[in-house]
2 protein chains.
Amino acid sequence: MKTNSKSKIIIVDDHLLFSQSLELLIKSFGDYEVIERFENGKVFIDYLEENPLSEIDLILLDVNMPVLDGLSTMKWLKENRPDLKVIALSVNDDDEIIIKMITNGAKGYLLKDTSPEIFREAIHCVIEKGFYFTELVSGMLINKVNSDNRKISLKEKEIVFIKHACTEMTYKEIASEMCLSPKTIDGYRESLFDKLEIKTRIGLVLYAIKHKIVFV
Amino acid sequence: MKTNSKSKIIIVDDHLLFSQSLELLIKSFGDYEVIERFENGKVFIDYLEENPLSEIDLILLDVNMPVLDGLSTMKWLKENRPDLKVIALSVNDDDEIIIKMITNGAKGYLLKDTSPEIFREAIHCVIEKGFYFTELVSGMLINKVNSDNRKISLKEKEIVFIKHACTEMTYKEIASEMCLSPKTIDGYRESLFDKLEIKTRIGLVLYAIKHKIVFV
DNA sequence: TCGGACAAGGGGAAATACCCCCTTTTTTGT
DNA sequence: ACAAAAAAGGGGGTATTTCCCCTTGTCCGA
């Protein structure tokens, strides 16, 4: 039956203007229909759990959303519904997040300034062939597998310390806040300086902001 | 003739998916037509200069764009075409930028997660009555006029110093970089701490990033 | 000629950065 | 199952940097 019925698409995006408009754009292509729209990952997952048998050919998933964001949603899908095909949509071309979305199973990653023609081709491609990657994304994948293998993994305590370090508290104050001796805090500091290749607390703050450990 | 012809709208947004989709949404309302779309302020202004007589009822202006952003475009419009009505569209509800867009003549400010119904009402309102402000924006305006009158103005040297302070250089190194005595730098530091109500260099870094003096 | 900005400096307390050291628990490899 | 190896927490001491207050001169515009 699939050959003569339209492909079923779901949109998950908190920008209502965008998601409703996008539905119209997709409709105008003629080959697809938007069966549902959700404004964050949470309500989308709720829907999937209540309707496990609903037929879905493609999911258009926004990366930046409140409540449950694109990456977390992607992780849930990888775990629970790896059968579903997802194209991630985003305004930013941040290396990290693109890699993460793809390693968690996204079949495509499009920026929102993509032209409607390419968008249409990507939808077609993913539904028919299973994937679609732009040059931007392919290039990034090649770069990443070649170079960035030494992954810096931060432990929970370190993250907490970094967040505190991004305030005007002194280390002593941070220590008492975290119920640890100032010496332990000094140990965290030193090992982080070493690990992150920085020399001052300023460097730590810049690192934290760049890697979205803290928000400004 | 205006009463029985559709209102003419222009969209300026670099997200092609959004802008093309939005055109469809606006068309679906029935009362409006999108006569042009541009992907940044620069090409839009070029168009205005070449077609100074084109009839435009409303401009939907994205705030975050490459080449020439929403605010700069708004300033140009205030200077050169104050007759044109603009609704600013944005994903972020940053106080500063909202205030700036409005003080530069925007007749409305909508977040992109606005519902299509409110969007439609806003368009209607601005074309007919001249303005439309959501509660978010009104509340912000009231807050701002009441509280934030003391403007913090930074001098060029101070800006340069702040940029250097947002690196791992010591104050001594900054001094030699700026060809000043460490003690002069110390003076800059102290007066800034005072002015910006901060207590540590960390606070200065956070301030600089928050106010986009430096970028991460 | 007064005030105010800018530049420079002295002295000192506090915080930060950088050493080398120790014990206890947890994890891991085989 | 057991030893080896990390990881987590704490300690002493020192050098450097940051932070703070207070003074001196100069130049410039009102």
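Here is the naming used below: chain letters follow the sequence lines, and residue numbers restart at 1 for every chain.
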Taking the side chain of [X] as heavy atoms from C-beta outward, which of [options] is closest to it?
X: A:T184; options: D:dT18, D:dT17, D:dG9; answer: D:dG9
X: B:T170; options: D:dA7, D:dT18, D:dG9; answer: D:dT18
X: B:E190; options: D:dA7, C:dT16, D:dC20; answer: D:dC20

Working to the nearest 0.5 Å, report the span between CD1 of B:I102 and CE of B:M74.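 These two atoms lie 10.0 Å from each other.
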
Interatomic spacing from NZ in B:K107 to CZ in B:F131 - rounded to 0.5 Å: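 Interatomic distance, B:K107 NZ to B:F131 CZ, rounded to 0.5 Å: 11.0 Å.
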
Report the residue (A:I198 or A:E173) whose heavy-atom-nearest nucleotide on DNA chain C is the more 5′ of the two.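 By nearest-heavy-atom nucleotide position, the 5'-most residue is A:E173.
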
Round to a whole Å and report the spacing from [atom1] of [X] to [atom2] of [N].
X: A:H164; N: C:dT16; atom1: NE2; atom2: C1'; result: 18 Å
X: B:Y188; N: D:dC20; atom1: OH; atom2: P; result: 19 Å
X: B:F193; N: D:dC21; atom1: CZ; atom2: C1'; result: 14 Å
X: B:I174; N: D:dT17; atom1: CD1; atom2: P; result: 12 Å
X: B:L192; N: C:dC6; atom1: CG; atom2: P; result: 11 Å
X: B:I185; N: C:dC6; atom1: CD1; atom2: P; result: 13 Å
X: A:I202; N: D:dT18; atom1: CD1; atom2: C1'; result: 10 Å

Touch class at under 4.0 angstrom, heavy-atom based, for A:R189 against every strand present: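 It contacts base atoms.
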
Test of ring centre spacing under 6.0 Å for A:Y47 and A:F38: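 Centroid distance A:Y47-A:F38: below 6.0 Å, so yes.
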
Is there a donor-acceptor pair closer than 3.5 Å between any side-chain N or O of B:D194 and the backbone N or O of B:E197?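 Looks like no, no N/O pair under 3.5 Å.
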
Can [X] and [Y] be counted as an ion pair, charged N to O under 4.0 angstrom?
X: A:D69; Y: A:K75; result: no
X: B:K8; Y: B:E36; result: no
X: A:D186; Y: A:K183; result: no
X: B:D62; Y: B:K112; result: yes

Looking at DNA chain D, which of residues 175-183 of chain A put a heavy atom within less than 4.0 Å of it?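 Close to the strand are A:L180, A:S181, A:K183.
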
Taking the cut-offs as 6.0 angstrom to the six-membered ring centre and 45 degrees off its axis, would you call B:R201 and B:Y171 a cation-pi pair?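 Judged by the rule, B:R201 and B:Y171 form a cation-pi pair.
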
Step by step, work out the side-chain contact (heavy atoms from CB on, under 4.5 Å) result for B:L48 and B:W76. CA-CA 11 Å; B:L48 282 182; B:W76 187 92; 3.7 Å; yes

Given pairs defined as Watson-Crick or G-U wobble with both distances under 3.5 Å, what dot-bracket annotation applies to DNA chain C, with ( ) intrastrand, [ ] crossing, | other strand and . unpaired? .||||||||||||||||||||||||||||.

Using OP1 and OP2 only, check whether a side-chain N or O of [X] sits under 4.0 Å from [N].
X: A:K172; N: C:dA15; value: yes
X: A:Y171; N: C:dA14; value: no
X: B:K157; N: C:dA7; value: yes

Do the side chain of B:D186 and the base of D:dC19 come within less than 3.5 angstrom through a donor-acceptor pair of N or O atoms?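 No pair found.
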
